[in-house]
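Letters A, B, ... are given to chains in the order of the sequence lines, protein chains preceding strands, and every chain is numbered from 1.
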Amino acid sequence: MSVIVFADTRGEKVAKAALETLTYGRKVAAGSGSTVTLVTFGDVPADRLAALGADKVVVARAASDADSQQLTRLVADVAQQENAQVIVFAHDATGKAVAPRVAARLKAGHVAGAITLPDTSSGFRVKRNVFSGKAQAWVDVTSPVKVISVLPNSIPVEAGSGSATVADYTGDLGAARVTVKGTRKEGEGIPLPEAEIVVSAGRGMKGPENWGLVEELARELHAATACSRPVADMHWRPHHEHVGQTGVAIRPNCYIAIGISGAIQHLAGVNGSKVIAVINKDPEAPFFKAADYGIVGDAFEVLPKLIEAAKKLNAER
Amino acid sequence: MKILVLISQVPDTTARIAFTNDNTAYDAGGVQFIVNPYDEWYALVRGLELKEAQGGTLTTVTVGGADTEATIRKALAIGADEAVRIDAQPNDSYEVAVQVAAYAKDKGFDLILAGKETIDHNGSQVGPMVAELLDLPFISLASKLDIAGTTATAERDVKGELEIVEAALPLVVSCAKGMAEQRIPNMRGIMAARTKPLQVVPAVPVDRLSATVRFELPPPKQAVKMIPADEAGKLIELLHTEAKVI
Ligand SMILES: Cc1cc2nc3c(=O)[nH]c(=O)nc-3n(C[C@H](O)[C@H](O)[C@H](O)COP(=O)(O)OP(=O)(O)OC[C@H]3O[C@@H](n4cnc5c(N)ncnc54)[C@H](O)[C@@H]3O)c2cc1C
Ligand SMILES: Nc1ncnc2c1ncn2[C@@H]1O[C@H](COP(=O)(O)O)[C@@H](O)[C@H]1O
């Protein structure tokens, strides 16, 4: 019996979402007396994979993140060999493409965006976010094999250690049908979905020429930058910064919103943030109702004060 | 080119979220339903642009009861040629995918477009499940899609990078922001939609794998702590020492 964890472990350091997924998988395994097999892909040094805290690692060296069919065959094959009961993914870009496919292939019930460990006191029940974080739902999975995709930032990482055996996958994944032709960096700084701190601004900033202040605060706080939808629609900021119901949904530890009214569709993408701070010149702005900290004031006067305070904090620590 | 677009209906983005029957069902009382924004703004409109440029037909498919027909007519008004409703009340995304795949199986669609996710269920599941059930390649979360001959090129956001990928048709794509601009249906479209074909097909049997048993609302937020504007720097201090998030 085993728990399979599929994670994208590529990159200079293993992404937080992958570490969360592993933590989740280890906890499920501990609760059911199973072992954890990490299934991954790409060009990651074996010693690094061995030390992540899985009992066993299988890596498909030649597979890419773009071909969900190959990755699906990989995970399904290992799951069958290991007689896996539970398969855990991250609900990130790669997980969203592969987990549903694996579930359909194995006829396994799939919980997408899980925020709790399974409750197995009677059956198998997992809580997930619905209505863009405006509500949660408990889902019962009744199939023999269960697939769970863990929502990023919903469980704290517990560092693993160990010296697992790392085996290269030798099965047949078939030819790649989706191939990567290139990548393009989407700008400087920290990628939004991974960020712990996000500085976000809206139409209250008046124009793209004023974003220097937002970027400077973000830099001082080691934060990613984000924006409201109209800001992206008017091309003041790139589309990938747009957060909300129809943009990226994020759940950072700290979300600082400047000159954003707090429309329900905006809140839907950020209401999972642990702490929300709102700066708006209108005391009636709806965002204050969703905030932990608020400042009623003009962004152009408040931002320099925040930047100064952040610089002071950095100098002290 | 034969294009299939998956259209779902969701509560309007401003609808109140409440539950009935002991928190086991969504309370749809007084709620206005709309086409899921990802399906309408991105999948449908990009599908129409590709059809207009290259010829072909665009069919929409929706799994749901008769109450989804007003939403389906909206998709027809925006420009779809014909619509199919599969008559079922799905319990989860797998049940939707099985119905769509059973319908699409022998129809020879070159391109199947789904939204990135439904804004009520938030699964991001149906597109990839349909791809798996039909043994087709799948491009997820595409923000750009072009077709030349039988080759598709797409861009997708991954980990703060844009990945440019290529695949041959037939293909399933899930569509995210950036792919197209919203289209507002005009009077002619709305009139034409009334007479366009909306075919109702029976559901196929499907095994139950999961079901939502109960909903919860998040606990109410604590009152906001206000900081005077002339002491704005205190916010940084509080975030550091009190909230401990920076
Ligand atoms: C179906 C649908 C989906 C949507 N999806 C999204 C989404 O995903 N994300 C999203 O963000 N929006 C979304 N929207 C749009 C949303 O309804 C709002 O229109 C949008 O969020 C408003 O952006 P904003 O707050 O930047 O601008 P505004 O609403 O114009 O607010 C600007 C705010 O800045 C304040 N302000 C002005 N000047 C200053 C100053 N000098 N200093 C400080 N404050 C100032 C004002 O008081 C105001 O509160 C969606 C809408 C629909 C219908
Ligand atoms: N009932 C349905 N009928 C047709 N298509 C659907 C249905 N539910 C979801 N979809 C499609 O699948 C996408 C992803 O849905 P979900 O897996 O619920 O997030 C949506 O954006 C739609 O394109």
Looking at every heavy atom in both [X] and [Y], which two are closest together, and how far apart are they?
X        : Y        : result
B:Val245 : A:Cys254 : CG2-CB, 3.6 Å
B:Trp41  : A:Thr246 : CZ3-CG2, 3.8 Å
A:Val296 : B:Ala229 : O-CB, 3.4 Å

Practice prompt. Assess whether atom NZ of B:Lys234 is packed by more than 12 heavy atoms of other residues, nucleotides or ligands within 6.0 Å.
Written response: no

Worksheet item: Got a sec: does the NZ of A:Lys289 have more than 12 other heavy atoms crowding it under 6.0 Å?
Response: no

Closest-packed option against chain B by number of heavy-atom pairs under 4.5 Å, given [options]:
options                                : value
A:Val130, A:Val111, A:Asp140           : A:Asp140
A:His242, A:Lys274, A:Glu196           : A:His242
A:Val180, A:Val139, A:Thr179, A:Ile276 : A:Thr179
A:Ala103, A:Ala290, A:Gly113, A:Ala277 : A:Ala290
A:Ser64, A:Ala15, A:Ala93, A:Gly297    : A:Ala93
A:Leu313, A:Leu221, A:Val302, A:Ile197 : A:Leu313

Worksheet item: Roughly how far, to the nearest 0.5 Å, is OG1 of A:Thr183 from CD1 of B:Ile164?
Response: 7.0 Å

Practice prompt. Calculate, to the nearest 0.5 Å, the distance between atoms CG and CZ belonging to B:Leu217 and A:Phe131 respectively.
Written response: 9.5 Å

Contact check, side chains of [X] and [Y], non-hydrogen atoms, under 4.5 Å:
X        : Y        : value
A:Asp8   : B:Val158 : no
B:Asn122 : A:Asn129 : no
B:Ile246 : A:His222 : no
B:Val213 : A:Arg125 : yes
B:Glu163 : A:Asp65  : yes

Practice prompt. In plain terms, say whether A:Lys305 and B:Asp230 are close enough for a salt bridge, that is, a side-chain N and a carboxylate O under 4.0 Å apart.
Written response: no

Practice prompt. Look at the side chain of A:Thr142 and the backbone N and O of B:Leu209, then say whether any donor-acceptor pair between them is shorter than 3.5 Å.
Written response: yes

Worksheet entry | Exam field: side chain B:Lys116 to backbone A:Gly247, donor-acceptor pair closer than 3.5 Å | yes

Item to complete: Could you go through the side-chain hydrogen bond (donor to acceptor under 3.5 Å, both in side chains) check for A:Gln265 and B:Thr13 one step at a time?
Response: CA-CA 6 Å; A:Gln265 299 93 352; B:Thr13 51; 2.8 Å; yes

Worksheet item: So which bits of residues 126-148 of chain B come within less than 4.5 Å of chain A, counting non-hydrogen atoms only?
Response: B:Pro128, B:Met129, B:Ala131, B:Glu132, B:Leu133, B:Asp135, B:Leu136, B:Pro137, B:Phe138, B:Ile139, B:Ser140, B:Leu141

Worksheet item: How about residues 177-185 of chain B versus chain A: which residues have heavy atoms under 4.5 Å apart?
Response: B:Lys177, B:Gly178, B:Gln182

